[in-house]
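Okay, structure first, notes after.
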Amino acid sequence: MTSTPLTGPHDLVEAAGHPHGGGNMKPHYDDRLANEDLAPLRKQKWSSYNIFAFWMSDVHSVGGYVTAGSLFALGLQSWQVLVALIAGIVIVQVFANMVAKPSQKTGVPYPVINRVVFGIRGANIPAIIRGLIAIAWYGVQTFLAAESLNIIFLKFVPGSAALLDVSFAGLSALGWISYAILWTAQFLLFWNGMEVIRRFIDWAGPAVYVVMIVLAVYLVSQAGIQNISFTLSTNQLDFWASIPVMFGAIALVVSYFSGPMLNFGDFARYGKSFAAVKKGNFWGLPVNFVFFSLLTVITASATVPVFGSLITDPIKTVEQIDTPFAILLGGLTFVTATVGINIVANFISPAFDFSNVAPKKISWRAGGMIAAVGSTFLMPWNWYSNSDAIHYSLGVLGALIGPLFGILIAGYYIAARQRVKVDAMFTMDAKGPYWYRNGFNPNAVKAVIAAGVPTVAIAVFPKLFADLGLFNVSWISDYSWFIGCGLGYVLFLLFERLDPRVPTFEGETEGISDGTVDAVEAPAEAEAEALVLAQTAADAGTPVPGSGAAVPAASAVLAQTVQDAVVPERGTAAPERPTVAGPREALA
C-alpha cells in the first residue's frame, strides 16, 4: 500500500493569483484567521509601473471622466481648477502612501493589517463596511459598462433594438444581455488571479489613453483649436465667491478616491519595495490625474462647437460620432476602462474583506463570488438614477470611510509606532498581543462609533433638511471624509492615551516588522538563494539566522546584518525584504 505524501497547508489553497505557496501560510497560523490569500506574501514583485497602471485603471473610467469634467464647470477660472486638482490629488497621494506602508512592509492585505488596531476579531468591522460599499458600486460600474456595450449592439446588430421593448426587473432584455456578458467577463478575469489582473491593468490604462488622445485630437480638429476653452461654465464666480468652491473641488477629488485609497494596502502589499509603491503613486496620481483631467476638459469643450451642446459623458460623445469604427473603438474602450476600475476598486476589496471574516470557509475567490452575486441582487440599475437612494444608502456607509482611515493611520503610525508582530495577527490565543478584549480593541470600536455617528449625520442630514425646505447647509457634506478622518484619528489617540492597548514591542526584534527602516533591493539570484536556504532551514527545524537564537549581542548584530544583506526583511521567520537602518521614511 502506497502511503499518501504529506501535504503542507500551502498546497491546499492557491493564493490570490500566485503559485501554490505564494502566501507564507505557517503551520502554527490559526485557520480561523489565515489562508494563503491573507498570509504574508513570500515574494513581492510589483514594480512602480504596476502601481502606476493600477491608478490609471482607477482614473480612466466614465465616472472619472465625468468627475474631472465637472470640476471645470463649477464657475472657476481655469487656473483655480488646476490648483484645486493638484491640491486634491496630492492629498490623495500622501494618504495613499500612508495606508500603503503597513501592508507593503508586512505583506498582508487591508483587513489583516487592521487586526493590529481593531483586534483579531474587530478587524471584521472595517472589512465588512468596505466590502459592502464595494459590492454596491461593483453593480453600478458593471451596469455602466453594459450601457457602453448596448451602444455597440444597437449599431452593429440592428435587430437588437427590439430587445429594448422587453424588460424584466427594471432592465431591458438587451441590458440584461450586456450586463451578463460584462459580469461574466469580469468574473473570469478575477478568477484567474492577481497576476492576470496585473497584466490586464498594465495594458488597459495605456490603451484607454491612446483612444482618449485620438478622440481629443479628432474633436479639436473638427472644432478648431481657437474654440477650445478650459472653462466649461457660462457663469464665472468672482474671486472671493470662488474660494469655497475651490475647497469644495479639492474635497470632491479626495472623496472620489476615498474608497480605493482606504484599501490600497490590498495592492501595495505586492509592491517589491515601499519606494516602488511611492514612485508608482506619484506617476499614477498627480501626474496621471492632472493630464487625464486636461484631456477630459479639452474633449468636453470641443463637443460644444462640434455637436452644438456640452457633453460630459464620454459614452454619449462617442455615440454622437456617427462612424461605425469610432463607435466600436470608443465603446470597447470605455467598457475596458470601466472593467478596469471595477476590478481594482470594487472586486479585489470585498474578495479580501469577506475572506477575512471566515478564512477557513471563504477563499479570496469565494469572497469575490459573494461580491459579484450580491451586486446583481441589488439591481443597481433601479436605484442608480435615484440620487436620494444613493445618498441615503451608500452615503451612510461611505461616511464611515473617513473614520476608518483615521483610526488605521493613528493606530499604525502613532500607537504602534510602525512596529507590528506579523505572526501575532494570525493567532486566536487569548494571550496574544492583538487579542485585546475578546478579540476587539475597545478603543478602536469606541472611536468608530464616536467618530462615525457625527460623520454620518453630517453626510446625511444637511440634504434632508434642504429637501424639507428648512435650511441649506449641504455644503458641509462635501467635507464629511475630512471630518470623519480627523475625528477618527483624534478620538482613537485620545482613547489610547487614557487606556493604552496597542503594543509597540519596544526592545524586541524577533518577528517584528519595523516600518521605520528603508528597504534595499537584493540581487535576484542572492534573494532566490536566500529564500531556498531559509525555507530549507525552517523545514528542517533549524533556527534561521536572525530568528532570535541566543547569541552574544555583537554576534547577533553581525548575523542580522549579513542576513539583511541578502534576505528580505519583514519581521517574520520567513524570508522577506532586506532592510537597513534609516528613519527617512518613518512618516513618509
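Counting begins at 1 with the first residue of the sequence.
For the pair I51 and V277, the tightest heavy-atom approach, listed with the atom from each and the gap, is CG2-O, 3.9 Å. The two residues D202 and Y49 make their nearest non-hydrogen contact at O-OH, 2.8 Å.
The 12-atom threshold is not exceeded at NZ of K279, counting heavy atoms of other residues, nucleotides or ligands nearer than 6.0 Å.
Partners of A145 according to the side-chain contact (heavy atoms from CB on, under 4.5 Å) rule, which considers only residues two or more places apart in sequence or in another chain, are L182, T338. Taking the ring pair (Phe, Tyr, Trp, His ring centres under 6.0 Å) definition, one finds that F482 meets it with nothing, sequence neighbours left out. Judged as a side-chain contact (heavy atoms from CB on, under 4.5 Å), and not counting sequence neighbours, the contacts of V448 are F118, L404, I407. Applying the ring pair (Phe, Tyr, Trp, His ring centres under 6.0 Å) test to F230 and every residue at least two apart in sequence or in another chain returns nothing.
Between W46 and F54, the distance from one ring center to the other does not fall under 6.0 angstrom.
Inter-residue side-chain proximity for I197 and M194 is flagged as met; some heavy-atom pair is nearer than 4.5 Å.
Within the structure, salt bridge (charged side-chain N to carboxylate O under 4.0 Å, His left out) pairs that include any residue of residues 334-360 comprise D31-K360 (at least two apart or interchain).
Using cut-offs of 30° and 60° for the angle between ring planes, the F257 and W55 rings count as perpendicular.
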With a cut-off of 3.5 Å and sequence neighbours excluded, list every side-chain donor-acceptor pair involving residues 126-134.
unit_1: R130; atom_1: NE; unit_2: G259; atom_2: O; d: 3.2
unit_1: R130; atom_1: NE; unit_2: N263; atom_2: OD1; d: 2.9
unit_1: R130; atom_1: NH2; unit_2: G259; atom_2: O; d: 3.3
unit_1: R130; atom_1: NH2; unit_2: N263; atom_2: OD1; d: 2.9
unit_1: R130; atom_1: NH2; unit_2: A345; atom_2: O; d: 3.0

